[in-house]
Student: 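My structure is below; once you've seen it, I'll send some questions.
No experiment lies behind these values; they were computed from the predicted model shown.
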Amino acid sequence: MIPEIGHLLIIIATSLSLLLATVPLLGLYKGNRYLISYYRPLSNMMVLAFIAAMTCLALSFIFNDFSVAYVANHSNTQLAIFYKIAAVWGSHEGSMLFWVSAIALWTALIANKNTEDNEAFFVRTVSVLAIVIFGFSLFIIFTSNPFVRLLPNFPIEGRDLNPILQNIGLIIHPPLLFLGYVGLTVCFAASVSALLGKQFTQTQAQYMRPWAIMTWVFLTGGNAFGSWWAYNELGWGGWWFWDPVENASFIPWLVATALVHSVTMTQRLGQCKKFTLFLAILAFSLSLLGTFIVRSGVVQSVHAFAADPTRGMSILFLLVVLAGGALTLFATRISYITAVDRFSPFSKNTLILLGNLLLVVAALSVLLGSYYPIIYKVITSSTISVGAPYFNSIFVPIIFMLSFLMGLAPLIQWQQERLSSLETPMVLLLVSVGIVMLICLNTAYANAWLFFGLLATTWITASTGLAIYQHLSSTSKNSNNHNQSRRFYGMCLAHFGVAISILAGTVVSQFEQEEVLSMGPGQGRELAGYIFVFEQTQPVSTNSFDALQANIRIMDLDENTVGYVYPQRQTFKTNGMQASAAGVYSTPFQDLYISMGTKLNETEYLIRISYKPMVSWLWIGALFMMIGGIFIVLVSRKTQVQIQTQTAKPLSTLESSMLKELVS
C-alpha cells in the first residue's frame with residue numbers, strides 16, 4: 001500500500017506543479033491579485049507531496065519491500081539501515097525523485113520569502129521552477145517511477161546495493177551534487193524571470209547572489225567529496241581521472257564560479273547584467289547535459305547512474321525544451337536589459353570579467369575534450385580517445401592565469417583608473433617568483449608544472465595576505481561596515497582554499513611514487529623512504545561480505561614500525577561481486593596507499609603501493625572554499641546591502657500598476 005501512496009503523491013505533486021506554473025503567471029498577465037496569491041499555497045502543497053513520496057520510498061527500503069523493483073535491485077535484508085536510507089538516492093529512479101523534491105523544497109522557501117517589493121519577480125521565478133518540476137515529474141512518472149511493482153512474482157531477498165556504493169560517500173556526495181544542481185535551477189529560473197519581466201535590477205541580483213554562492217558551495221563539496229570517495233573506494237589511488245562523468249559535474253562548477261563573480265558585479269555596480277543572465281542559463285543547461293551523459297549510457301563509466309537510451313532521450317528532450325526555450329527568450333529579450341558596462345582598464349571589474357571569461361573558456365575546453373569523442377564516434381563509427389594530456393595542457397595554463405587574476409583583484413579598487421596602486425603587488429609578484437625559483441633550483445626533478453603550480457600558490461597566498469593587511473589598515477580608521485569586512489574575510493578564506501588545493505595538486509602530481517608488484521607473506525618492499533612488509537593474510541567476515549585481508553606493516557628505514565594497513569579483497573554474499581578496499585595510512589602531509597588485487601599464485605597477490613604527499617590537502621582546500629562561501633551567505637543575510645542608482649529599463653505600465661497593487 002505504501003508504494004501506491006507514494007506513486008499517487010507524485011501524480012498529485014505533478015498536477016500541483018502544473019497549476020503553480022500557470023495560475024500565478026495568468027494572474028500576473030491579467031493583473032488578478034487573487035490568482036497571484038495562489039503561488040504560496042500551491043508551492044507548500046507541492047513540496048509536502050514530494051516529501052511524503054520520498055518518505056514512502058524510504059519506508060519501502062526500511063521495511064524491505066522487495067515487491068518494489070527499485071528496492072529489490074538496490075537493497076537487501078542484511079544492508080545496514082543508514083545505507084538503506086542512502087539507497088533512496090543511490091540509483092537513477094530515487095536520485096531523480098530526490099532531485100525534484102529538493103527543487104520543490106527550494107521553490108517553497110522562495111515562495112514564502114517576505115519580498116513584497118519584488119513579488120512579481122518572485123512569482124515568475126516560482127512559476128519557472130514549477131515548469132522545470134513539471135517536466136521532471138513527467139519524466140519520473142513515465143520512464144523512472146521508483147514505485148514500480150514486481151507483482152505477482154517478487155523475490156524474497158534483494159540483490160543488494162552495489163558494493164562500490166556502500167560507503168559514506170553515498171550518504172554525502174550525491175545530495176551535495178543534487179543540491180548544487182537545484183541551486184543552478186533556481187538561478188536559471190531567476191534569469192528567465194528577469195527576461196520575462198524585461199529588466200534585471202541590482203535588487204534582483206542581490207536576491208540571486210546567495211543562491212549562486214550556495215550553489216557553488218554545494219557543487220564544490222559534491223566534486224571534492226566525489227573525488228575523495230573515488231580515491232578511497234575504487235582502489236586505483238587517483239584523485240581525478242578526467243572521466244566524462246566526473247567532468248559532467250565539474251563543468252557546471254566552473255560556470256557557477258563565473259556566475260558568482262558576475263552576479264556580484266551586477267549587484268554592486270549594475271554591470272554585466274546580460275553576462276550574468278547568460279551564465280545562469282548556461283550553467284543549468286550544462287547540468288542537464290551532464291545528467292543526460294550520466295544516465296543515457298552513451299559513455300561507460302563506473303560513475304554512471306544508468307544505461308537506458310529511452311531515459312537518456314527523455315532527458316535530452318527536456319534539455320532541448322528548457323535550455324532551448326530559455327536561450328530563445330534570452331535572444332529576444334536581452335535588448336531590454338540595460339546596464340552601464342563601462343570598465344576602467346586597471347580596475348577590479350576588468351580583472352573579474354577577464355577571470356569569468358577564462359572560466360567559461362576552461363569549461364568549454366573540458367566540454368570539448370569530454371564529449372567530442374562521443375560525437376566523433378556517432379558521425380564516423382570510429383573511436384578516438386582524449387585523455388589527461390589534453391586536459392592538463394589546456395586546463396593547467398588557464399588555472400595559472402586565473403591564479404594571477406585571483407591574487408591581483410583584491411588588491412585594487414572598483415573602477416580604478418590608474419596603475420599607481422599596483423606597485424606593491426608587482427613587487428610582491430617578483431618576490432614570489434624569486435622564492436619559487438630558489439625552491440625549484442634546490443628540488444630534484446623540477447619542471448615547468450612544478451614552477452607554475454608553486455608560483456600560483458605563493459602568489460595567491462601572499463597577495464591575499466597583503467589584501468587582508470590593507471583591509472585591516474583601512475577598517476581601523478573606519479569601523480562602520482563590519483558586515484562588509486566579514487564578507488571580505490569569507491572571500492579571502494575561499495581564495496586560501498583555492499591556493500591550498502593548487503599546492504596539494506601540484507605536489508602530489510609531481511612527487512607521488514607508485515609501484516605495482518607481486519607480494520606474498522614474508523616479502524617486503526622499499527618505497528619513498530618506507531619499508532612495506534607483507535606479514536600475512538587472514539579471512540574477514542561481515543554481514544555483507546567475506547574478505548581476504550592483507551596485514552602489511554610499514555617501517556622506516558631504521559626498521560622502526562610506523563603503522564599497519566589492511567587492504568582487502570571483498571566478495572559480497574548476496575551477488576558474488578568482488579571489490580578492492582584500499583588500506584591507507586594517513587598523516588597530515590602524506591598518504592601511504594595500498595590496494596590488494598587478484599591472486600597471482602598460491603602465495604602472491606597483485607599489490608599496488610603508492611606514496612602520495614599532501615593529497616589530503618586537496619579536500620581540505622575544498623573545505624576552506626565551502627566555509628568561505630557559507631560565511632559570505634550567512635553574513636549577507638544579516639545586512640541590508642545598499643543598492644546604487646538603478647539603470648534598468650523602467651517597468652511596463654501594466655507591471656508598474658501591478659507592483660503598486662502588490663505592495664499596497
Student: Any donor and acceptor pair, going by atom type alone, linking the side chain of R333 with main-chain N or O of L196 inside 3.5 Å?
Tutor: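 Yes, R333 side chain to L196 backbone: donor-acceptor pair under 3.5 Å.
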Student: Only pairs at least two apart or in different chains count here, so list each side-chain hydrogen bond (donor to acceptor under 3.5 Å, both in side chains) that has a residue in residues 255-266.
Tutor: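 Found R209-T264, W216-T257, S262-T276, T266-T276.
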Student: Side chains of W459 and S403 only: does a donor on one sit below 3.5 Å from an acceptor on the other?
Tutor: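 Note: W459 and S403 side chains miss the donor-acceptor criterion.
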Student: Using a cut-off of 6.0 Å, state whether more than 12 heavy atoms not belonging to F241 lie near its atom CZ.
Tutor: no
Student: With sequence neighbours excluded, tell me which residues meet side-chain contact (heavy atoms from CB on, under 4.5 Å) with L450.
Tutor: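 Here the qualifying residues are C440, T443, A446, N447, L454, T506, Q510, F511.
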Student: With a 6.0 Å cut-off on ring centres, are Y231 and W240 close enough?
Tutor: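 Judged by ring-centre distance (under 6.0 Å), Y231 and W240 do not meet the cut-off.
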Student: Under the side-chain hydrogen bond (donor to acceptor under 3.5 Å, both in side chains) rule, what pairs show up with a residue in residues 613-626, not counting sequence neighbours?
Tutor: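 side-chain hydrogen bond (donor to acceptor under 3.5 Å, both in side chains) check on residues 613-626 returns S227-W619.
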Student: Find out whether Y39 and E119 are in side-chain contact, i.e. whether some heavy atom of one side chain is under 4.5 Å from a heavy atom of the other.
Tutor: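 Yes. Closest side-chain heavy atoms under 4.5 Å.
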Student: Identify the heavy atoms of R268 and Q202 that sit nearest to each other, and give their distance.
Tutor: O-NE2, 3.4 Å
Student: Can you tell me how far OG1 of T185 sits from CH2 of W211, rounded to the nearest 0.5 angstrom?
Tutor: 12.0 Å
Student: Counting only heavy atoms from other residues, nucleotides and ligands, does the tally under 6.0 Å from CD1 of I168 exceed 12?
Tutor: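 Counting other residues, nucleotides and ligands, CD1 of I168 stays at 12 neighbours or fewer.
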Student: Within the structure provided, determine whether F122 and Y207 are in side-chain contact (heavy-atom separation under 4.5 Å).
Tutor: yes
Student: Could you check whether any side-chain N or O of K198 sits under 3.5 Å from a backbone N or O of Y336, counting only pairs where one atom can act as donor and the other as acceptor?
Tutor: no
Student: Name the orientation class of the two ring planes belonging to F178 and W99 (parallel below 30°, tilted from 30 to 60°, perpendicular beyond 60°).
Tutor: parallel
Student: Under the side chain to side chain donor-acceptor pair (under 3.5 Å) rule, collect the residues that match up with N247, sequence neighbours excluded.
Tutor: S370
Student: Would you please name every residue forming a side chain to side chain donor-acceptor pair (under 3.5 Å) with Y181, sequence neighbours left out?
Tutor: none
Student: Roughly how far apart are T458 OG1 and I439 CD1, rounded to 0.5 Å?
Tutor: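 Answer for the OG1-CD1 pair, T458 versus I439, is 5.5 Å.
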Student: What are the two closest heavy atoms between G369 and Y390, and how far apart are they?
Tutor: CA-CE2, 3.4 Å
Student: Got a sec, which residues hit side-chain contact (heavy atoms from CB on, under 4.5 Å) with S610, two or more places apart in sequence or on another chain?
Tutor: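 For S610, the residues satisfying side-chain contact (heavy atoms from CB on, under 4.5 Å) (neighbours in sequence not counted) are E514, Y593, R608, K612.
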Student: Look up atom CE in M437 and atom CD1 in I435, then write down how far apart they are to the nearest 0.5 Å.
Tutor: 12.5 Å
Student: If you apply the rule side chain to side chain contact (heavy atoms under 4.5 Å, CB included), what do you find for F284 with L322, and how did you get there?
Tutor: CA-CA 9 Å; F284 173 76; L322 295 175; 4.1 Å; yes
Student: For I394 and I398, which heavy atoms make the closest approach, and how far apart are they?
Tutor: O-CG1, 3.3 Å
Student: Taking C-beta and beyond as the side chain, do T107 and V47 meet within less than 4.5 Å on heavy atoms?
Tutor: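 Counting from C-beta outward, T107 and V47 never come under 4.5 Å.
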Student: Between V433 and F451, is there a side-chain heavy-atom distance shorter than 4.5 Å?
Tutor: yes
Student: Can you name the residues that form a side-chain contact (heavy atoms from CB on, under 4.5 Å) with Y611, not counting sequence neighbours?
Tutor: Q513, A528, Q590, L592, P613
Student: If you apply the rule side chain to side chain contact (heavy atoms under 4.5 Å, CB included), what do you find for S432 with L455, and how did you get there?
Tutor: CA-CA 7 Å; S432 299; L455 179 57; 4.0 Å; yes
Student: Working note: L408 + M426, criterion side chain to side chain contact (heavy atoms under 4.5 Å, CB included); need CA distance, chi angles, decisive distance, verdict.
Tutor: CA-CA 9 Å; L408 188 58; M426 290 301 101; 4.2 Å; yes
Student: Within a strict 4.5 Å, meaning less than it, do heavy atoms of the L493 and Y489 side chains meet?
Tutor: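 Side-chain contact under 4.5 Å: no.
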Student: What are the two closest heavy atoms between P174 and W229, and how far apart are they?
Tutor: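 Residues P174 and W229, closest heavy atoms: CD-CZ3, 4.3 Å.
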Student: Could you tell me whether the side chain of S43 and the main chain of A108 form a donor-acceptor pair under 3.5 Å?
Tutor: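 Flag not set: sc S43 to bb A108 has no pair under 3.5 Å.
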Student: Identify the heavy atoms of T215 and G180 that sit nearest to each other, and give their distance.
Tutor: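 Heavy-atom minimum between the residues: CG2-O, 3.3 Å.
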Student: Quick check: do Q204 and Q199 have side-chain heavy atoms less than 4.5 Å from each other?
Tutor: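 Contact flag for Q204/Q199 side chains = yes.
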Student: Calculate, to the nearest 0.5 Å, the distance between atoms CG and CD1 belonging to L184 and I281 respectively.
Tutor: 12.5 Å
Student: What distance do L402 atom CG and I502 atom CD1 have between them, rounded to the nearest 0.5 Å?
Tutor: 8.5 Å
Student: Would you sort out whether V360 and F275 count as a side chain to side chain contact (heavy atoms under 4.5 Å, CB included), showing the intermediate values?
Tutor: CA-CA 11 Å; V360 173; F275 194 39; 4.2 Å; yes
Student: Looking at residues at least two apart in the chain, or sitting in another chain, which of them share a side-chain contact (heavy atoms from CB on, under 4.5 Å) with S509?
Tutor: W239
Student: With rounding to the nearest 0.5 angstrom, report the OG1 to CD1 distance, T201 to I337.
Tutor: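 Rounded to the nearest 0.5 Å, the OG1-CD1 separation comes to 9.5 Å.
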Student: Does the side chain of V255 come within less than 4.5 Å of L259's, by heavy atoms?
Tutor: no
Student: Can you list everything that forms a side chain to side chain donor-acceptor pair (under 3.5 Å) with T587? Sequence neighbours excluded, please.
Tutor: none
Student: More than 12 foreign heavy atoms under 6.0 Å from CZ of F225: is that the case here?
Tutor: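 Yes - once you tally the heavy atoms of other residues, nucleotides and ligands closer than 6.0 Å, there are more than 12.
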Student: For residues 167-176, which residue pairs pass the side-chain hydrogen bond (donor to acceptor under 3.5 Å, both in side chains) check, not counting sequence neighbours?
Tutor: N167-E233
Student: For G505 and L618, which heavy atoms make the closest approach, and how far apart are they?
Tutor: N-CD2, 3.5 Å
Student: Ignoring hydrogens and geometry, is there a side-chain-to-backbone donor-acceptor pair from Q206 to T203 under 3.5 Å?
Tutor: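 Side chain of Q206 to backbone of T203, a donor-acceptor pair under 3.5 Å: no, none is there.
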Student: My understanding is that only residues two or more places apart in sequence, or in another chain, count here; which of them pass ring pair (Phe, Tyr, Trp, His ring centres under 6.0 Å) with F330?
Tutor: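 Expected list: F278.
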Student: Any side-chain heavy-atom pair from V366 and F395 closer than 4.5 angstrom?
Tutor: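 Touching, per the 4.5 Å side-chain cut-off.
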Student: Stepwise, does the ring-ring contact (aromatic ring centres under 6.0 Å, His included) test hold for F400 with F452?
Tutor: CA-CA 7 Å; F400 178 74; F452 286 117; 4.8 Å; yes
Student: Please confirm whether the backbone N or O of P389 pairs with a side-chain atom of S393, one donor and one acceptor, at under 3.5 Å?
Tutor: yes
Student: Checking Y530 now: which residues fulfil ring pair (Phe, Tyr, Trp, His ring centres under 6.0 Å) with it, not counting sequence neighbours?
Tutor: none
Student: For V633, is there any backbone N or O sitting under 3.5 Å from a side-chain donor or acceptor partner on R487?
Tutor: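 Side chain of R487 to backbone of V633, a donor-acceptor pair under 3.5 Å: no, none is there.
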